[in-house]
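Everything on this sheet refers to the single structure shown next.
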Amino acid sequence: MPELAQVVVDVPTMQTNQPYTYQIPPTLEKQIQVGVRVIVPFGNGRRTVQGFVVGIDQETKYEGKLKPIQAIMDLQPVISSELMELSKWLADSTYSFWISCLYTMLPSLLKAKTARIIRIIDEVDEHVAFDIFHGKDELEMTDVQDNPKILSELLKLQKAGKIAIEYQVEDRAHAKTVTGIRPRLNFEQLEDERISLHSNAHAQNRLISYLQSLNGQTVKFKEAQRITGLKPATFNQGQKKGWLEKVPIEVYRQPLDMQGTPDDQHLAAPLTLNADQEAAVNKINHAIDDHASQVFLLQGVTGSGKTEVYLQSIANALKQGKTALMLVPEISLTPQIVNRVRRRFGSKVAVLHSSLSNGERYDEWRRIERGEAQVVVGARSAIFAPLKNIGLIVLDEEHESSYKQDESPRYHAREVAKWRGKYNHAPVVLGSATPSLESRARAVKNVYHLLRLPHRVNQQILPPINIVDMRDEVKKHGESNFSQTLLGELADRLQKGEQSILMLNRRGFSSFMMCRDCGAVLKCPNCDISLTLHMDTRTMKCHYCGHEEPIPHECPNCHSRQIRYYGTGTEKVEQELHQLLPGARIIRMDVDTTRRKGMHAKLLRQFGHHQADILLGTQMIAKGLDFPNVTLVGVLNADTGLGLPDFRASERTFDLLSQVSGRAGRANKQGKVIIQTYNPDHYAIQDAKEHNYEKFFKQEMMLRRQAGYPPYYYTVRLMASHPEEAKAAGAMAKIYEQLKNGLSSSTIILGPTPRAIARMKRRYYYQIVIKYKKDPHLHQLLFDILQNTQSRGFKDVQVSIDPDPQYFM
DNA sequence: AGCACGCCGACT
DNA sequence: GTCGGCGTGCTC
């Protein structure tokens, strides 16, 4: 009985979101397994696509003629049975394509690039040969794709049989290799060769001795040259004479920050735990030992030693012969934290950063997949690390919204962590100083087990927080980003040789150009949003689509020269600071200064070595940094996030202020925090000032209950977009009708409304938010709606569904 | 996604 | 009369 393969193909559409059945050719019979990538013919013509084998069956319901699998890409499955199960659940729970979920779990290099090549197969006239093919006999489709004139010409030639379109699927994943050499002759044979040498061929003589000493082993070419001191030419001679052969040796790429990893003989010892930490570690370790997929919420104030709890629990998992996964938000995945884990677990650690090159990321992935690394530290997508036999999963800063991916598949790493915890019978530890309301509410209901670390490790008190009312300040001293209080404290630190951190809350805020005469604001031609000034490139940029244009000298609307920029960017603050404190050395950290690879780490290192007095930055400096000499933290504008139409605005503000406050006075020096705000009485700011999470939690829960927001309600957001506003609105109206008819009466439908940024990338967006407590038909209904939008009446409409959205805007 | 098939308007 | 526009449907 020949076996058949079920293949999910790389065609991400609703209609093709299912396995297709293929014959397994006899030559591949042994190699085809669930989880390998294959190349299959799909559709008419010679088109081939990559796909994943998701099942192997004896029979199929499909009546038509089956095609055979064309090629296999992997010797071993790249998707384990666990990840295969996970991919199905992920596709279902996030309303995504199965194929997208499979690719999301793998390093991007394993996504094959399909190229369409146009090849001349018969005589063509000169015009075609030179103007289109430039004298060559083949052409990449991507080069001519958006030239309709050439395209139609090529189509004619194809019909005439003069050219053919070929499909090429190329695997971009290549293991890095270095050249190695290996003797081809044994000791005696080499000895015979020696006899036939000229007596003055000293180099070759030495080469023979060296080859004999290798005993048939392979060594790196570079290494052999270093040891023998012989020239490459000598080895090449030897190769010619058949004494040795060159072979590729597979090596792992070494990420820059990996250098300096201690060898496994000199690892750092665990720190001594205080009573709270020890209690937490014991509970977690019991769960690990009992194979209990319990979820813990580890709530500890900043500086309470959460990381040490993670590390010692991970150590226990390793001791049990299991593996461990530790997730950290991208923004706090600093060299500081990575090195701390490496010092503890050495070469067992693999790190998955966003700043790794694709090749480095692939290599780290392979190390994990082969079981060479048992501890994985990484950001969101590392939750799909191919670890086997997981004993513990840690999510640090579990409240961070960056754990939710904001494109399809819109998964939340916390939910995936819980799924994998359950599958592996392993506990999940969610850690935070300011847990998300959802998680804390679950702890209250005993769905999660709450573990507390209420004390800082050195019994330090939390730094006092001063709130400066900027309304008074502006009245007394005029417009400035700096209050007198903050300036005074900064000057004081400068004089004492201590350092300061200044944070500019950029959310919902940027520098834009406005005409003082007519009030026109410079906007993006593609998106409904103002352009942001970037002094480093001297351009105006759109943060949504990347559009870029030169800084105008006059108003595009009324041609007035009175055009100025408004708002507060880090650059503008830096300039102001230079004027106010001329002697201060400032490091500015924002997306612009950290774009280049390694800059983030470099700037932090400079600040750590006290090569600057003030670190000025956006949210990216709020998390995880630990500089003993920092005794002052200033927040320039605490409340810019509060005015946003977002039900999590208060929670985010509270988190941000709590986190940034923790940056002050972490060593033996007392720290101080100054928060400038126009809303000094807002509860989020007042509760942060008092370091009072409990009070904030109660207040916020009350408001969420009143307004019907999470965690009292579940939410789903549906979005539809179209280049024409009326079409987007129309599509959403139809969807609204379907929802209204299909949902239970207790479910609340908000909208349809235009999104806060109604136009993005030349498309108009409309949305609906659904709030529900229990609605058994919702899930299926949403799938039906997605299916419906593939049909007439929804032409060119893109519909997406965001379960449990992080923002409503 | 990519391609073929099929049905209507403006041209060699 | 045909060429080619795009709306519709299918891909194991």
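A, B, ... follow the sequence lines: proteins, then strands. Residue 1 opens every chain. All of these numbers come straight from a predicted model, not from anything done at the bench.
- When distances are taken from the side chain of A:Q15 to each of B:dA1, C:dC12, B:dA4, the shortest belongs to B:dA1.
- No more than 12 heavy atoms of other residues, nucleotides or ligands lie within 6.0 Å of NZ in A:K422, so this atom counts as exposed by the packing criterion.
- Separating the CE atom of A:M14 from the C1' atom of C:dC10 is a distance of 16 Å, rounded to the nearest angstrom.
- A:Y22 has a side-chain polar atom (N or O) that falls below the 4.0 Å cut-off from OP1 or OP2 of C:dC12.
- A perpendicular orientation is assigned to the rings of A:F42 and A:Y20, their planes being inclined by more than 60° (bins at 30° and 60°).
- Taking 4.0 angstrom as the limit, A:R116 places a side-chain polar atom (N or O) nearer than this to OP1 or OP2 of B:dC3.
- Across all strands shown, A:P19 has no heavy atoms under 4.0 Å from either base or sugar-phosphate atoms.
- Under the stacking definition used here (centres under 5.5 Å, planes under 30°), the residue A:F42 fails to qualify as stacked on the base of C:dC12.
- Rounded to whole Å, the distance from CG on A:D10 to C1' on C:dT11 is 14 Å.
- Residue A:D796 contributes atom CG, which lies 8 Å from atom P of C:dG7 at whole-angstrom precision.
- Distance CZ (A:R47) to P (C:dC12): 10 Å, rounded to an integer number of Å.
- Rounded to a whole Å, the CD atom of A:E63 is 12 Å from the P atom of C:dT11.
- A cation-pi arrangement is present between A:R366 and A:Y362 under the rule of less than 6.0 angstrom and at most 45 degrees off the ring axis.
- Using the six-membered ring where Trp is involved, A:Y95 and A:F783 have ring planes that are tilted, between 30° and 60° apart.
- Across the protein-nucleic acid pair, A:R46 atom CZ and B:dA1 atom P stand 22 Å apart, rounded to whole Å.
- A stacking contact links A:Y62 to C:dC12: the aromatic ring centre lies within less than 5.5 Å of the base's six-membered ring centre, and the planes differ by less than 30°.
- Salt-bridge annotation for A:K404 and A:D804: absent, with no side-chain N of the basic residue lying under 4.0 Å from a carboxylate O of the acidic one.
- Rounded to whole Å, the distance from NZ on A:K61 to P on C:dC12 is 17 Å.
- Among the nucleotides B:dA1, C:dG7, C:dT11, the one closest to any side-chain atom of A:K795 is C:dG7.
- In this structure, CZ of A:F794 is placed 17 Å from C1' of C:dT8, rounded to the nearest angstrom.
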